[in-house]
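Just so you know, residue 1 is the first one in the sequence shown, and it goes up from there.
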Amino acid sequence: MWVGAPGASGTGGVFVYTGATTGIRADAVKFMTPTGVTESVGKGSALSLRGNVAAVGAIAANRNQGGVFIYERDNAGTWRMAPMLSPTM
């Protein structure tokens, strides 16, 4: 289960929970915010997951124009950040 938390840790975040033999536990996955992003971007305001690609909305990124952080899972199961999608105005 993935839970968006746009107000977490100042910039927002995503918490990933997985099933375990003793119940639900927080996974060790931590979705990173790019270096240099210090303002509240509202990361986790929207989530979409399909196969090995996750899209995480950031409503306040790009000076409140919004953006989408893209993460791709490699063959080893590690999630890696791809370039952020930004609107063109």
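Legend: residues meeting side-chain hydrogen bond (donor to acceptor under 3.5 Å, both in side chains) with S86, ordered by chain and number and at least two apart, are N62.
Heavy-atom neighbours of I59 CD1 from other residues, nucleotides or ligands within 6.0 Å: at or below the threshold of 12.
Taking all atoms of both residues into account, the shortest heavy-atom contact from G67 to A61 is N-CB, 4.1 Å. Contact record, S45 with P6: CA-CG, 4.0 Å, taken as the closest heavy-atom pair. Annotation for W79 and N52: closest pair CZ3-O, 3.6 Å, computed over non-hydrogen atoms. Considering every non-hydrogen atom in both A58 and F69, the closest pair reads CB-CE1, 3.4 Å. Contact record, L47 with G4: CD1-N, 3.5 Å, taken as the closest heavy-atom pair. Here the closest heavy-atom approach between residue M84 and residue V68 is recorded as CG-O, 3.1 Å.
Both L49 and V56 belong to a common hydrophobic cluster when Ile, Leu, Val, Met, Phe, Trp and Tyr are linked at side-chain heavy-atom distances under 4.5 angstrom.
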